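In what follows, a single structure is set out as structure tokens and then discussed.
Numbering of residues begins at 1 and proceeds along the displayed sequence. All values reported here derive from a predicted model rather than from experimental measurement. In listed order, ligands and their atoms are each counted from 1.
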Amino acid sequence: MKLLVLGSGGREHAILWSLDQTSDLALELYCAPGNAGIAEIATCKPISLTDHSTLIKLVKTEAIDLTIVGPEAPLADGIVDEFERNGLAIVGPSQAASRLESSKAFAKDFMARHKIPTAEYRVVKSAGEAEEILRSGAFGPAASRAVVKADGLAAGKGVIVANSRAEAEKSARMLMGGELVGAEAARQVLIEEALYGTEASLLLFADGRDYALMPPARDHKRIGENDTGPNTGGMGAVTGASILEAKTLHRVVREIVEPTLAGARAEGFPFRGALFLGLMLTADGPKLLEYNVRLGDPETQAILVRLKTSLVDIFEAIRTGRLRDVKVEWTNDSSACVVLASHGYPAQYNMNVPIEGLDGVASLEDVTVFHAGTKRSEAGELVTAGGRVLGVTARGETLEKALGYCYHAVEQIKWEGMQYRRDIGKFREPPSKTSG
Ligand code: AMP
Ligand code: GLY
């Protein structure tokens, strides 16, 4: 069976690794565009994910049986619809279903229509309108927090949790002025009530009607230890029983998962693919911060090392609407992924720095290193090629053990300027409403 994964990060390396690990079939794996780590297990094709016609040509000439989409941009661009129009098998949500991620205004209106618990919000089209709403007191007094978000895809740079009304007004002005994200993404801006609580991510596979939950996960977004400094794509993630207790998980399923899938079906865009729920566990119960219509990065690395069921079977079942026939099973332990990043990330970073120590780590049984930004130099040496470079991932009986395996491996890897957080899995107490 020939499988193609679209993307080039740690998430895509983990998907390909897991396809291979969990299946008894003889698989021929392809990736576009891929990276140096992926090239060790798959044939990489240097095709841009915006070039749908060349991707379609590749699938036809290589007779690929199934394509799996990693990141959100091609989904928002309608790659799934295009493949299906060409009679090609692909796993991922349609362009219509992808609006749950590609437009935060669409997603919030959808949550409102289906009574899914979320923060109060308003959609505005000008900085003046933002000011008017913030000054009306609808989102609290001047000194209180409010959240300002660009409507469109912004690679994590479009959300500002402002600590005062003045900061919220300034953020709205900067977003709308195109200073923080592309002008198109910020044509509309959302003003939201700030929620207080602990964050968690719940991911699930869905086939348009049935679904299978993945182990709840949690990531670290800030570059610095103790959650300081700017936001990144994610500096690490963990899974384990402590992240979402059973009672809360049941509530999330009843109040968020099921209304979402039923709502999408009722509105004519049944959700097929991997759905990511960003949650805030508040004193009033779990609330939905956002949807992503794809697997998370680095959550996927930590999640997939715990998968026991064939990922090929799961993807096939999603595509053909037969998920209820597949029993999706996970190991009963914990896992962690520690991201190693380039000097300077998430601002401008340097590249082409030789990476040392991976051979030693390869012999560690408990640890898997997923590549994100790596490539081979002309001399064949493994060098850095992105902001996030590697995701050192391990399972353990307890989260402490999983983290121990990761950090033991991290100590053996080095390159000039390598940075990582030493506090993955240790979450700070969230700010409370009164102290915020
Ligand atoms: P999002 O991309 O919408 O998940 O937002 C990114 C991050 O901003 C989240 O993971 C939260 O840490 C924070 N955030 C988003 N919305 C809110 C909110 N309404 N209240 C508090 N924090 C928020
Ligand atoms: N780690 C968060 C995301 O993938 O969006």
*Determine, using heavy atoms of G278 and all atoms of ligand 1, whether some pair is separated by less than 4.0 Å.*
no
*Within less than 4.0 angstrom of ligand 1, does E193 place any heavy atom?*
yes
For the pair [X] and [Y], find out whether any cationic side-chain nitrogen is under 4.0 Å from an anionic carboxylate oxygen.
| X | Y | result |
| --- | --- | --- |
| E169 | R165 | yes |
| R319 | E316 | yes |
| E290 | K104 | yes |
| E129 | R122 | no |
| E179 | R173 | no |
| R187 | D151 | no |

*So is G278 close enough to ligand 2, meaning a heavy atom under 4.0 angstrom away?*
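Contact check G278 vs ligand 2: negative.
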_Does the residue G234 have a heavy-atom contact with ligand 2, meaning some pair of atoms that are separated by less than 4.0 Å?_
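No, G234 has no heavy atoms under 4.0 Å from ligand 2.
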*Just jot down the ligand 1 atoms closer than 4.0 angstrom to any heavy atom of K221, in number order.*
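Checking each atom against K221, I get 10 (O).
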_ligand 2 contact on L295 by region, counting heavy-atom pairs under 4.0 Å_ =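 The answer is neither.
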*Distance from atom 5 (O) of ligand 2 to nearest protein heavy atom, with residue and atom*: R294 NH2, 2.9 Å
*Which bit of V159 gets closer than 4.0 Å to ligand 1, counting heavy atoms only: side chain, backbone, both or neither?*
side chain
*Atom pair CG/CG of N292 and L203 - distance to nearest 0.5 Å*: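 Rounded to the nearest 0.5 Å, the CG-CG separation comes to 8.0 Å.
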*Would you mind listing which atoms of ligand 2 come within a distance below 4.0 Å of any non-hydrogen atom of E299?*
1 (N), 2 (C), 4 (O)
*Looking at F269, does the NZ or CZ of R265 lie under 6.0 angstrom from its six-membered ring centre and within 45 degrees of the ring axis?*
no
*Contact (N/O only, under 3.5 Å) between L195 and ligand 1*: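 Min N/O separation from ligand 1 is below 3.5 Å for L195.
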_Does any N or O of ligand 2 fall below 3.5 Å from an N or O anywhere on R11, backbone included?_
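No, R11 has no N/O under 3.5 Å of an N/O on ligand 2.
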